[in-house]
Amino acid sequence: MDRTCYLDVETSKTPYHYPWSSNSFLSCVGIINADQERKIYWFNHRDIDVTKINYKEQIREIQAVIDSHTRLVGHNLAFDLLWLWHIGIDTSKIKCYDTQVGAYIISGQTRKMVSLNEECEHYKIPTKIDRVKMYWENGIDTDEVPINLLSEYLFQDLYCTQGVFLKQARDIKRLKLGTIIKLNMELMPILAEIKYNGMRLDLELCKKYEAEYIAKLAVIEKELVELLGYEINWDSPQQVSCALFGGTFNVDDKETYIFTYKDGRTTEKVRAVKKEVELKGLFKPPSNAKLGKSGYYSVGANMMLQLKGSTAEQKRFIALLQEKASISTNLETFFTGLQQHVTEDGKIHGNFNQSLTNTGRLSSSQPNQQNLPRKGTSPVKQVFLPAFDGIMNADLKQAEWRIGAYLSQDKVMINELINKVDIHTLNAQETFEDVKYRQEAKVVSFRMLYKGSAKAFYHDPKMPDFTLKRWEAIVSKFENKYPRLIEWQAENLRTITAMGQLRLPSGRIQKFSLQEQYGGAYGYSKTQAANYPVQGFTGDCMYVAMINIRKKMREHNLKSKIICQVHDSLVFDYINEELAVLVSIVKEVYDNLDKYISKYFGIDFNVPMGGDIEIGETYGSLKAYEG
């Protein structure tokens with residue numbers, strides 16, 4: 001029998017609202033059970049005599065409520081789970097439902113990270129009266145909010161959540177979203193667990209790299225000034241534009257002038273003035289460069305890659321600029337940026353956002369743990385350490401290409417994957433007519449999966465400097481080799497044009513909006529029509545893998561933890577004695593993922609899947625697992 005309970009927690013106010021902060025506290029837990037009985041369990045409040053609270057008994061009672069129900073519902077339930085786990089509540093045996101995630105899926109990924117009040121307004125349910133917010137905004141913490149007001153606020157939260165859940169349940173049935181909702185609700189506690197586990201960071205090593213990179217930056221900027229012959233503000237896009245392509249800009253300066261008093265006396269004073277600086281520029285702007293509204297050229301990463309030098313000085317200047325950009329990114333985003341997110345337990349507890357992208361894939365924030373530099377390009381990953389014995393990374397091989405093969409049912413793609421062909425070497429030989437272009441062929445394959453074009457390859461400074469005609473020939477060969485992929489992309493666009501949406505094999509609905517096209521007309525994006533379904537279904541298939549891996553880890557009672565998710569990879573903090581079992585679990589799920597996908601979604605997934613496993617003493621020292 002289905003028994004649903006509704007739960008919400010009230011904690012210390014932001015930013016000290018997570019359990020790993022020593023300044024945080026749990027104020028209360030509110031529950032409405034399946035029999036519509038409601039109760040608040042108090043843990044911290046000035047109006048409650050804490051000496052009379054039997055915390056252990058309260059925790060046992062909350063556990064008993066959860067154990068006697070089949071479903072636990074909350075809005076942004078992932079946050080509540082963090083606190084339930086913190087006080088020792090086991091939620092592993094109850095199904096979870098998050099109305100925030102529900103709103104996202106039901107809307108076709110258009111209603112993102114909605115508040116409970118926003119969802120109430122959507123369903124024309126009376127919203128909660130947020131008088132408690134005024135106390136928080138005035139610096140009053142939750143345990144000092146009048147208890148009657150906080151109780152009313154908490155019960156309103158629960159009733160609103162209940163009303164939204166019942167409305168969403170009808171929409172899920174009407175839109176036939178049961179399977180994709182089940183998938184995302186099974187995923188949600190795993191993502192909360194990853195956040196709860198956190199990633200340990202070597203703060204001292206991070207500071208060491210930070211100091212080294214600051215010193216490197218100073219040396220580079222000094223040499224740039226020597227080459228330019230003028231000192232500029234490298235953080236000013238206008239000044240950098242003038243240095244590269246010529247132009248004028250104003251700088252703050254001072255001048256001395258004679259001031260005359262009323263009685264005729266004079267004195268020398270200094271005043272602030274603007275001084276105009278004109279630079280000739282070291283380069284000619286690239287042919288496709290356009291002046292911005294400010295009258296200066298863009299000096300972003302793309303522009304820097306297009307610079308071409310003819311003299312030794314110019315080439316050195318370009319190399320220094322590119323090195324400076326790389327160092328600045330590492331410094332600001334990682335070595336300095338990561339330190340801001342380290343909590344008192346020495347870990348980073350980043351967000352893995354389940355309700356934010358257009359495609360249904362996860363994003364990461366505070367910090368972005370999915371955007372760390374690749375191995376060999378930066379020492380950033382070296383600062384991530386295991387809390388146990390080692391780090392393990394498990395990566396799905398060519399996940400997007402394989403998903404594209406399944407979605408399009410391109411026979412050539414599928415046969416190459418079944419026969420384990422080295423696709424990129426073969427495509428280098430067939431489309432580039434030279435195997436030395438294997439890496440470039442790999443780039444072409446994946447960009448064509450998302451509707452790449454000859455013109456885009458031609459203008460990309462990272463790609464070979466071929467003529468446009470040769471790039472057109474390369475693209476044509478690719479399209480002729482994989483005709484069903486190209487046809488499928490066109491079919492997507494036709495469906496979107498007619499209906500404004502697509503439905504994936506997982507049941508996920510993806511909605512699309514009109515985009516301004518060349519000439520001012522509006523239409524649907526060809527790139528999105530090709531990209532979104534591959535991205536979305538790849539994410540859904542990865543979620544199937546995550547759910548099964550976590551389930552098997554529990555069955556084996558493993559203490560090793562999942563600590564990060566990076567698109568098609570899972571990162572683990574493992575215990576040595578458990579490594580062999582953990583590897584066998586991941587390999588079994590990855591190698592048989594086609595069967596797991598087929599069973600979960602009720603489809604015939606006819607493309608082989610698989611993965612690669614690496615281990616290391618740090619996240620930055622991973623090597624192929626040889627066990």
Side-chain angles (χ1 to χ4, degrees), residues 13-16 23 133-141 207 210-286 289-304 307 309 311 313-314 316-341 366:
K13 66 186 182 72
T14 306
Y16 304 110
N23 296 311
K133 187 178 179 181
M134 293 187 296
Y135 285 85
W136 287 330
E137 288 175 345
N138 285 291
I140 297 170
D141 218 331
K207 289 178 179 177
E210 181 185 36
E212 288 178 5
Y213 272 55
I214 289 172
K216 285 181 182 178
L217 208 55
V219 171
I220 289 171
E221 289 182 353
K222 182 181 178 184
E223 189 175 349
L224 283 169
V225 168
E226 289 172 356
L227 289 168
L228 182 62
Y230 191 88
E231 188 164 348
I232 65 168
N233 176 6
W234 297 101
D235 293 326
S236 166
Q238 290 84 6
Q239 293 188 29
V240 175
S241 174
C242 292
L244 295 177
F245 310 119
T248 60
F249 60 89
N250 292 324
V251 295
D252 293 329
D253 201 2
K254 294 178 181 179
E255 70 174 9
T256 302
Y257 71 102
I258 303 299
F259 179 81
T260 303
Y261 294 96
K262 290 181 179 179
D263 62 3
R265 289 181 299 111
T266 60
T267 186
E268 196 175 80
K269 287 190 175 184
V270 176
R271 61 187 172 192
V273 295
K274 292 290 184 183
K275 176 184 174 184
E276 187 175 81
V277 178
E278 182 175 2
L279 297 177
K280 291 181 179 180
L282 297 175
F283 305 92
K284 287 183 178 180
K290 294 180 181 178
L291 283 171
K293 292 179 181 178
S294 62
Y296 299 94
Y297 290 100
S298 165
V299 289
N302 256 353
M303 176 66 80
M304 296 300 182
L307 292 178
T311 68
E313 285 187 348
Q314 286 179 329
R316 178 60 180 160
F317 196 86
I318 293 168
L320 287 169
L321 275 182
Q322 292 174 347
E323 188 180 357
K324 179 183 180 300
S326 174
I327 289 174
S328 295
T329 299
N330 275 277
L331 183 59
E332 295 163 16
T333 307
F334 303 117
F335 296 125
T336 302
L338 287 173
Q339 292 177 54
Q340 298 169 0
H341 296 285
Q366 296 184 323

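Under the 4.5 Å side-chain criterion, counting only non-hydrogen atoms from C-beta, V240 is in contact with I232. Taking the side chain as every heavy atom from C-beta outward, F283 and I318 approach each other to under 4.5 Å. At least one side-chain heavy atom of Y230 sits less than 4.5 Å from a side-chain heavy atom of V277.
Atom CD1 in I220 sits 9.5 Å away from atom CG in L321 (nearest 0.5 Å). Going from atom CD of E210 over to atom CG of L338 covers 10.5 Å, rounded to the nearest 0.5 Å. Here the straight-line distance linking atom CD of Q239 with atom CG of L228 works out to 10.5 Å at 0.5 Å rounding. Between the CD atom of E221 and the OG atom of S328 there is a distance of 7.0 Å, given to the nearest 0.5 Å. To the nearest 0.5 Å, atom CZ of residue F249 and atom OG of residue S236 are 7.5 Å apart. Within the model, atoms OG1 of T329 and CZ of F335 stand 11.5 Å from one another, a figure rounded to the nearest 0.5 Å.
Heavy-atom minimum distance, Y296 versus T248: OH-O, 2.7 Å. Scanning all heavy atoms of the two residues, the minimum distance from N330 to Y213 falls at CB-CE2, 3.6 Å. Closest non-hydrogen pair, I140 versus W136, comes out as O-CD1, 3.4 Å. Contact between C242 and G247 at its shortest, heavy atoms only, is SG-C, 3.5 Å.
Atom CD of E231 is surrounded by 12 or fewer heavy atoms from other residues, nucleotides or ligands within 6.0 Å.
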Evaluate side-chain contact (heavy atoms from CB on, under 4.5 Å) for K275 paired with N250, printing each intermediate quantity in order. CA-CA 5 Å; K275 176 184 174 184; N250 292 324; over 6 Å; no

Would L244 and F317 count as a side-chain contact (heavy atoms from CB on, under 4.5 Å) here? Give the steps. CA-CA 10 Å; L244 295 177; F317 196 86; 3.7 Å; yes

Going through the distances and angles, do V225 and W234 end up as a side-chain contact (heavy atoms from CB on, under 4.5 Å)? CA-CA 10 Å; V225 168; W234 297 101; 4.1 Å; yes

Could you list the donor-acceptor pairs under 3.5 angstrom formed by side chains in residues 254-261, with sequence neighbours left out?
| from | atom 1 | to | atom 2 | distance (Å) |
| --- | --- | --- | --- | --- |
| E255 | OE2 | R271 | NE | 2.7 |
| E255 | OE2 | R271 | NH2 | 2.9 |

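With hydrogens and angles disregarded, no donor-acceptor distance shorter than 3.5 Å links the side chain of E223 to the backbone of V219. Not a single donor-acceptor pair under 3.5 Å links the side chain of D253 to the backbone N or O of A272. At distances below 3.5 Å, at least one donor-acceptor pair connects side-chain atoms of Q314 with backbone N or O atoms of T311.
K274 and D252 are joined by a salt bridge, as a carboxylate oxygen and a charged side-chain nitrogen come within less than 4.0 angstrom of each other.
The aromatic rings of F245 and Y297 sit perpendicular to each other, their planes meeting at more than 60°, with 30° as the lower class boundary.
Listed by chain and number, the residues in a side chain to side chain donor-acceptor pair (under 3.5 Å) with E313 amount to none (sequence neighbours excluded).
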